[in-house]
Amino acid sequence: MLSPATNMPPQDLPDRATEALLSRPWTHLLDRALDKARTVPTMLSGQEQQLYYWLTAFWAEGAGAIVDLGCFAGGSTARLAQGLAVAGLDSRVAAFDRFTAGEDVKHSVLYRQGVAPFDGADILPLAKDLLAPWSEWIDLHRGEIDQLGWAGGPIEILVMDASKAACTMDRMSETFLPHLVPGRSLVVQQDFLHWSQPWVPAQMELLSEYFTPLVHVPRDTMVFLCHGSPPADSLALARSDDLSDSDLLGLLAAAKLRYTPWGLADRLQETIDGLRNNPGLRRAHQFQRR
Ligand SMILES: C[S@@+](CC[C@H](N)C(=O)[O-])C[C@H]1O[C@@H](n2cnc3c(N)ncnc32)[C@H](O)[C@@H]1O
């Protein structure tokens with residue numbers, strides 16, 4: 001099969017496609033390229049939506065599953081699945097979530113994006129309905145992600161958008177990162193630059209031996225290439241929930257230095273300030289702007 005991105009045979013794809021990624025080709029996509037995936041409500045920014053679609057439509061080569069940690073009502077999952085459909089790949093999207101939404105999120109995200117008001121917090125029926133056009137590419141996994149395992153084999157793209165607590169992220173990392181394919185797999189850290197989740201850039205500093213940052217996608221996303229599979233002892237040492245504030249601040253200072261040439265020093269300073277203003281907290285929803 002030829003890649004729609006390059007018309008190159010698969011053996012030539014990894015380097016060329018990863019190089020292609022650095023020039024942010026998704027920013028040139030017309031909105032209509034995403035077709036009906038555009039209609040599924042999402043919390044992603046416009047560029048993030050384009051990235052997700054582009055990754056599966058043009059970058060993936062079928063080296064493993066696409067895993068979406070934090071599917072919500074299906075927005076990210078739809079964009080990933082639409083890309084797979086266009087590329088004609090056999091891969092599937094494994095989408096994980098607890099599939100519940102409180103009234104505030106129902107109003108601010110779902111109703112605002114066209115979903116008719118409904119009772120209750122269960123959004124699994126809604127997600128199933130919205131994702132019906134791509135059901136042959138998607139497996140939905142309901143539950144607390146930190147208590148679910150992974151037996152789906154190699155992972156080509158791992159999207160992490162449920163790292164809302166340090167302990168959850170640690171557990172997700174231990175479960176999913178060992179299944180990445182060195183030299184091929186990408187990790188999409190959706191909350192990398194979110195001021196209320198300092199444990200995300202801190203853990204990527206601790207795992208920098210295994211992951212190379214490739215590209216920042218506004219608002220908050222950083223895409224990493226996995227170049228080595230982190231062993232269990234490295235993952236244990238990279239647990240962020242065990243770190244003190246001063247350990248985290250040291251790692252954030254290192255991240256700020258690393259990403260200053262990327263123009264991201266101010267964003268990481270916001271994260272540093274976020275932690276300084278919310279000492280000891282390890283859950284994003286507890287953080288307050290001061
Ligand atoms: C920012 S939202 C994801 C947005 C989604 N990717 C989109 O395109 O709209 C984060 C999601 O992670 C889920 N989540 C967070 N922690 C979780 C956990 N421990 N187990 C299961 N789901 C979790 C939430 O239910 C929420 O739907």
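Just so it is clear, the model here is predicted, and its values are computed rather than measured. Start at 1 and go down the list; that is how both ligands and their atoms are numbered.
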(request) With atom 26 (C) of ligand 1 as the reference point, say which of Asp68, Thr42, Asp97, Leu80 has the nearest heavy atom. (result) Asp97
Under 3.5 Å between some N or O of ligand 1 and some N or O of [X]?
X      : value
Lys164 : no
Met43  : yes
Ile145 : yes

(message) Show me which atoms of ligand 1 lie under 4.0 Å from any heavy atom of Asp161.
(response) 1 (C), 3 (C), 4 (C), 5 (C), 6 (N), 10 (C), 11 (C), 12 (O)
Is there side-chain contact between [X] and [Y], with heavy atoms separated by less than 4.5 Å?
X      : Y      : result
Gln203 : Asp170 : yes
Glu270 : Arg289 : yes
Phe72  : Thr42  : no

(message) Heavy-atom contact check, 4.0 Å cutoff: does Gly143 meet ligand 1?
(response) yes
(request) Please name all residues satisfying side chain to side chain contact (heavy atoms under 4.5 Å, CB included) with Leu257, sequence neighbours left out, ordered by chain then number. (result) none
(message) For atom 18 (C) of ligand 1, what is the closest protein heavy atom, and at what distance to 0.1 Å?
(response) Arg98 NH2, 3.3 Å
(request) Kindly indicate, with the supporting measurements, whether the criterion salt bridge (charged side-chain N to carboxylate O under 4.0 Å, His left out) is fulfilled by Asp245 and Arg282. (result) CA-CA 10 Å; Asp245 281 5; Arg282 298 292 182 266; 2.7 Å; yes
